[in-house]
Amino acid sequence: MTGPLGSIAAAAPAIAMLGCFACVAGGIALLRRGDRRKGVLMLVMAVVLLGNVLIWTL
């Protein structure tokens, strides 16, 4: 794909990986703070983002 949408599509996996790392960091911080439910949900969201990136780059 060319044009501005092509460049956005090319950047999507990198942006999702940044989100994945942020979710991992937030999930670990929440677990350490003692909020187990929210921490686990953040880690699950990180795994889903990682799976999306792997699917997009195949």
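Along the sequence shown, residues are numbered consecutively beginning with 1.
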Give, for atom [atom1] of [X] and atom [atom2] of [Y], the distance between the pair rounded to the nearest 0.5 Å.
{"X": "Leu31", "Y": "Leu43", "atom1": "CG", "atom2": "CG", "result": "5.5 Å"}
{"X": "Cys23", "Y": "Leu49", "atom1": "SG", "atom2": "CG", "result": "5.5 Å"}
{"X": "Arg37", "Y": "Met42", "atom1": "CZ", "atom2": "CE", "result": "13.5 Å"}

Side chain to side chain contact (heavy atoms under 4.5 Å, CB included) assessment of Met17 paired with Leu50
CA-CA 7 Å; Met17 282 305 295; Leu50 180 63; 3.9 Å; yes

Which heavy atom in Leu30 sits nearest to a heavy atom in Gly39, and how many Å separate them?
CB-CA, 3.7 Å

Nearest heavy-atom approach of Ala12 to Trp56 is O-CZ3, 3.9 Å

